[in-house]
Amino acid sequence: MKRLLMPIALLILFSCLNDSKKTELPVEINEVKVNSIFKHSGKDRIYNYYIPKNFNKNSPAIFVFHAWGGTSLGTMNFMNDVHNFHELADKFGYLLVYPEGLPNQVDHLLYNTNPKDNGNWWCTDPSGEICSNDDVGFSKELAKYFIKKYDLDASKIYATGYSNGGVATWAVNQKANEIFKGAAAFGAINTSSMGIGFPSKNAFPILMFDGLLDPFALQEGTNKPPAVMKKIWLPEHANTAILPYTRKQVFEYYANLSNCLQPEIIKINNINTLTKYSNCDNNIQLWRYEVQDYGHLVPALIPPSDKKQFSNRAGIDMGEVIFDFFTELN
């Protein structure tokens, strides 16, 4: 049982905080709006958001997607508590939006679970066999709502997330890049078989953070599902996670699509190397952190007490590099 629970715990790392109480706070600058409801496809969709101190018209926005089993409010609290995300938003003037996924509609997708009791996640292929929620459509319509309501800069709507939230980050940029203009994906799986949309014909700015011992990436490029998925999903569903491309191949594909020239190679520390393309068409930036001897972990300069899920070994903080990257685009 412990072997099963550990990979699941990695996927639901953002869900540790209780957000069952739905309260409404005034919409003011330097305030949060908690558990708001957005109607999409006949369903009530939850989202939270934060308005920074120096918010103005034509401000940029970052959509923050939770991990598998996570929640909007739990992720907002996590990003703020661990990565000082709202303080960074105040500094750089970004509105932050935290959408929430839904449980899928597949009975017994996971081992040892009740029917349809799989936690919130992000569906990338609503026509497939493992989920039916149109989460890309939901995210796109929610972004359009914020652009109109707050006069946001429509050319600066970005997305970020960890694990399954990173998968959603890829999906919205590859399938709705008329709205989403940049991706910062951490520990994310890039697969075409789950309907994420790769390869896309349109390039966009990308930040990737990849641990080379991430169990969800070890089978990438082999046309085999990750071995860890066979411990989490039932056999009939595990093969839907086949990974025909490596994350490095995805990164280099977009570098070629953007006609990028020679990258800058930056040694962050003895295990972490940043490959940085900044001389590309349309001023697109492409960054990839490749971390040796590093698994499915959140990079934090000062990790919380649970060292199994967070690590400072990469020498960077998720929150800081997200703002460094997106601010570079501006």
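Numbers for residues simply follow the sequence, beginning at 1. The structure presented is a predicted model; accordingly, all values stated were derived computationally and were not measured.
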Under 6.0 Å from the [atom1] atom of [X], do we count more than 12 heavy atoms belonging to anything else shown?
X: Asn283; atom1: CG; result: no
X: Gln249; atom1: CD; result: yes
X: Lys276; atom1: NZ; result: yes
X: Lys201; atom1: NZ; result: no

Pick from [options]: which one makes a ring pair (Phe, Tyr, Trp, His ring centres under 6.0 Å) with [X]?
X: Phe198; options: Phe251, Trp170, Phe204, Tyr253; answer: Tyr253
X: Phe85; options: Phe323, Phe92, Tyr50; answer: Phe323
X: His296; options: Phe310, Phe209, Tyr162; answer: Tyr162

On a heavy-atom basis, which atom in [X] and which in [Y] lie closest, and how many Å separate them?
X: Ala171; Y: Thr124; result: CB-CG2, 3.8 Å
X: Met79; Y: Met318; result: CE-CE, 4.1 Å
X: Thr246; Y: Glu220; result: CG2-O, 3.5 Å
X: Asn58; Y: Asp153; result: O-CB, 3.4 Å
X: Tyr158; Y: Asn330; result: OH-OD1, 3.0 Å
X: Pro52; Y: Gly93; result: CG-C, 3.9 Å

Taking atom [atom1] of [X] and atom [atom2] of [Y], what is their separation to the nearest 0.5 Å?
X: Leu88; Y: Ile62; atom1: CG; atom2: CD1; value: 9.0 Å
X: Gln285; Y: Cys260; atom1: CD; atom2: SG; value: 9.0 Å
X: Ile316; Y: Glu320; atom1: CD1; atom2: CD; value: 9.5 Å
X: Asp134; Y: Lys43; atom1: CG; atom2: NZ; value: 9.0 Å

Next on the checklist: Closer than 4.0 angstrom, basic N to acidic O: yes or no for Lys248 and Asp210?
Outcome noted: no
Checklist entry - Salt bridge check: are Asp135 and Arg45 linked by an N-O gap of less than 4.0 Å? => result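 Between Arg45 and Asp135 there is a salt bridge, with a charged N closer than 4.0 Å to a carboxylate O.
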Is the shortest heavy-atom distance from the side chain of [X] to the side chain of [Y] under 4.5 Å?
X: Phe180; Y: Phe63; value: yes
X: Arg247; Y: Asp214; value: yes
X: Leu207; Y: Tyr289; value: yes
X: Thr275; Y: Glu290; value: no
X: Lys267; Y: Asn269; value: no
X: Ile46; Y: Ile37; value: yes

Could you tell me if [Y] and [X] have a donor-acceptor pair between their side chains, going purely by distance under 3.5 Å?
X: Glu252; Y: Tyr245; result: no
X: Asn202; Y: Ser200; result: no
X: Asn259; Y: Asp281; result: yes

Next on the checklist: Set out, in order, the CA-CA distance, both residues' side-chain angles and the distance that settles ring-ring contact (aromatic ring centres under 6.0 Å, His included) for Phe65 and Tyr98, then state yes or no.
Outcome noted: CA-CA 6 Å; Phe65 292 92; Tyr98 299 86; 10.0 Å; no
Checklist entry - Do Val250 and Leu218 share a hydrophobic cluster, counting only Ile, Leu, Val, Met, Phe, Trp and Tyr and linking them when any side-chain heavy atoms are less than 4.5 Å apart? => result no
Checklist entry - Would Thr160 and Phe325 count as a side-chain contact (heavy atoms from CB on, under 4.5 Å) if you check the C-alpha gap in whole Å, the side-chain angles of each, and the deciding distance to 0.1 Å? => result CA-CA 11 Å; Thr160 190; Phe325 175 68; over 6 Å; no
Next on the checklist: Tell me if a side-chain donor or acceptor on Thr222 pairs with a main-chain N or O of Lys224 at a distance below 3.5 Å.
Outcome noted: yes
Next on the checklist: With a 6.0 Å cut-off on the ring centroids, do Tyr94 and Phe326 count as close?
Outcome noted: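 No - the distance between ring centres of Tyr94 and Phe326 does not fall below the 6.0 Å cut-off.
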Next on the checklist: Would you say the rings of Trp121 and His66 are close, in the sense that their centroids are separated by under 6.0 Å?
Outcome noted: no
Next on the checklist: I need the single residue from Asn77, Asn48, Asn35 that forms a side-chain hydrogen bond (donor to acceptor under 3.5 Å, both in side chains) with Ser72. Which is it?
Outcome noted: Asn48
Checklist entry - How far apart are the C-alpha atoms of Tyr49 and Phe146, what are their side-chain angles, what is the distance that settles it, and do they pass the ring-ring contact (aromatic ring centres under 6.0 Å, His included) test? => result CA-CA 10 Å; Tyr49 63 101; Phe146 271 96; 4.9 Å; yes
Checklist entry - Can you list the steps and then say if Lys140 with Glu178 is a salt bridge (charged side-chain N to carboxylate O under 4.0 Å, His left out)? => result CA-CA 9 Å; Lys140 180 169 65 174; Glu178 74 276 19; 3.4 Å; yes
Next on the checklist: Using side-chain contact (heavy atoms from CB on, under 4.5 Å), reason through Asp293 and Leu212 one step at a time and then give a plain yes or no.
Outcome noted: CA-CA 6 Å; Asp293 191 29; Leu212 296 189; over 6 Å; no
Checklist entry - Stepwise, does the ring-ring contact (aromatic ring centres under 6.0 Å, His included) test hold for His83 with Phe78? => result CA-CA 8 Å; His83 300 295; Phe78 169 83; 5.5 Å; yes
Next on the checklist: Ring-plane angle category for His40 and Phe138, please: parallel below 30°, perpendicular beyond 60°, tilted otherwise.
Outcome noted: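 Answer is tilted, since the angle falls between 30° and 60°.
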Item to check | Worked verdict on Asn120 versus Thr71 for side-chain contact (heavy atoms from CB on, under 4.5 Å) | outcome: CA-CA 7 Å; Asn120 297 322; Thr71 62; 4.0 Å; yes
Checklist entry - Can you check side-chain contact (heavy atoms from CB on, under 4.5 Å) on Leu286 and Ile284, steps first, answer last? => result CA-CA 7 Å; Leu286 297 169; Ile284 283 178; 4.0 Å; yes
